[in-house]
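Notes follow the structure.
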Amino acid sequence: IGLLWMMLAPLLLLLAYLLLFGMILKVQPQPDVSGWTYAVVVACGLLPWLGFSEGMTRGTASVLAQRSLLKSQMFPVELVPVTAVCAGLMGQLWGTVLLLGWIAAQGTIGLSLLLLPVLILLQALFTTGLVPVAVNTLLTADDYAYMLEHSRAQAVLVSGALLPALTAAMTRSDHEV
């Protein structure tokens, strides 16, 4: 059922957007854009957003779920969010295949399509790079204490929102507050 949901979720969300914005609210990006052209425009914006949001959600959850594995000295920590982000992009890729099939049936595919794999790769790298930023806001004082004890950091720059957790972590370790 998971594979079926992966295939149906982008289509159902696209239909919901088209129903709400296209039919109920009658939103048009330009006066001459309507119907299937409007659906393609919405899908071109919605699919990358779905991939990004799913990748961020899965990547952040995977790092938090694998805390004990991340504390292992032998495991390459970078792989945890990469695999989760790639799994999150599967819905976007499926939707993109369907969108390309529709565009090909209309006969409007151009050479700029050759850049699509590069853009999806850049999106995956960008999302993977943002996962640690989101994870840092969800760590506990114990996690920060572990990171401080096992890093060679001489200084820590932290926002006011994270300062209480980091102060508690520094008092647990041998670092000065």
| message | Are Leu18 and Phe21 connected into the same hydrophobic cluster when the rule is that any two of I, L, V, M, F, W, Y join if their side-chain heavy atoms are below 4.5 Å apart? | response | yes
| note | Apart from Leu111 itself, members of its ILVMFWY cluster (side-chain separation under 4.5 Å) are Leu114
| query | Should side-chain heavy atoms under 4.5 Å link Ile, Leu, Val, Met, Phe, Trp and Tyr, which residues sit in the same cluster as Leu125? | reply | Leu121
| query | Counting N and O atoms only, with roles assigned by atom type, does the side chain of Gln123 sit under 3.5 Å from a partner on the main chain of Pro48, one being a donor and the other an acceptor? | reply | yes
| note | Residues Pro10 and Gly91: closest non-hydrogen pair is CG-O, 3.5 Å
| query | If every non-hydrogen atom of Ala165 is compared with every non-hydrogen atom of Tyr144, which pair is closest and at what distance? | reply | CB-CE1, 4.0 Å
| Quick one: salt bridge (charged side-chain N to carboxylate O under 4.0 Å, His left out) pairs with a partner in residues 10-33, sequence neighbours left out? | none
| message | Taking the side chain as everything from C-beta on, heavy atoms only, tell me whether Gln92 gets closer than 4.5 Å to Ile120. | response | yes
| Under 3.5 Å, is there a donor-acceptor pair between the side chain of Ser53 and the main chain of Leu50? | yes
| query | Would a hydrophobic clustering, with Ile, Leu, Val, Met, Phe, Trp and Tyr connected at side-chain separations under 4.5 Å, put Leu20 with Tyr38? | reply | yes
| Any side-chain heavy atom of Leu100 within less than 4.5 Å of one from Leu116? | yes
| note | When rounded to the nearest 0.5 Å, the distance separating CG of Leu47 from CG of Leu89 is 11.5 Å
| query | CG of Leu99 to CH2 of Trp94: how many Å apart, nearest 0.5 Å? | reply | 12.5 Å
| task | Supply the atom-to-atom distance Met90 CE to Leu3 CG, rounded to the nearest 0.5 angstrom. | result | 11.5 Å
| side-chain contact (heavy atoms from CB on, under 4.5 Å) between Gln106 and Val40, intermediate numbers included | CA-CA 11 Å; Gln106 301 300 315; Val40 169; over 6 Å; no
| Taking atom CG of Leu46 and atom CG of Leu14, what is their separation to the nearest 0.5 Å? | 6.0 Å
| said: Could you report the tightest heavy-atom contact between Ala104 and Ile109, atom names first, then the distance? | reply: CB-CD1, 3.5 Å
| Apart from Leu122 itself, what residues make up its hydrophobic cluster when side-chain heavy atoms of I, L, V, M, F, W and Y under 4.5 Å apart count as a link, directly or indirectly? | Val118
| field | Cluster link Leu98 to Leu4, ILVMFWY, side chain under 4.5 Å | value | no
Give the table of side-chain donor-acceptor pairs shorter than 3.5 Å for residues 131-139, with sequence neighbours excluded, one pair per line with atom names and distance.
| from | atom 1 | to | atom 2 | distance (Å) |
| --- | --- | --- | --- | --- |
| Asn136 | ND2 | Pro132 | O | 3.2 |
| Thr137 | OG1 | Ala134 | O | 2.7 |

| note | For Ala168 and Ala141 the tightest heavy-atom approach is CB-CB, 4.0 Å
| task | With sequence neighbours excluded, give me every salt bridge (charged side-chain N to carboxylate O under 4.0 Å, His left out) pair touching residues 52-62. | result | Glu54-Arg58
| CG of Leu119 to CZ of Phe126: how many Å apart, nearest 0.5 Å? | 13.5 Å
| said: With a 4.5 Å cut-off on side-chain heavy-atom distances among I, L, V, M, F, W and Y, is there a chain of contacts connecting Leu12 to Val42? | reply: no
| Of all heavy-atom pairs between Ala124 and Val85, which one has the smallest distance, and what is that distance? | O-CG1, 3.9 Å
| said: Quick one, Asp142 with Tyr146, criterion side-chain contact (heavy atoms from CB on, under 4.5 Å). Give me CA distance, side-chain angles, the key distance, then yes/no. | reply: CA-CA 6 Å; Asp142 291 334; Tyr146 178 83; over 6 Å; no
| Could you state the interatomic distance from CG (Leu163) to OG1 (Thr167), rounded to the nearest 0.5 Å? | 4.0 Å
| In terms of hydrophobic clustering (I, L, V, M, F, W, Y; side-chain heavy atoms under 4.5 Å; direct or indirect links), are Leu15 and Val41 co-clustered? | no
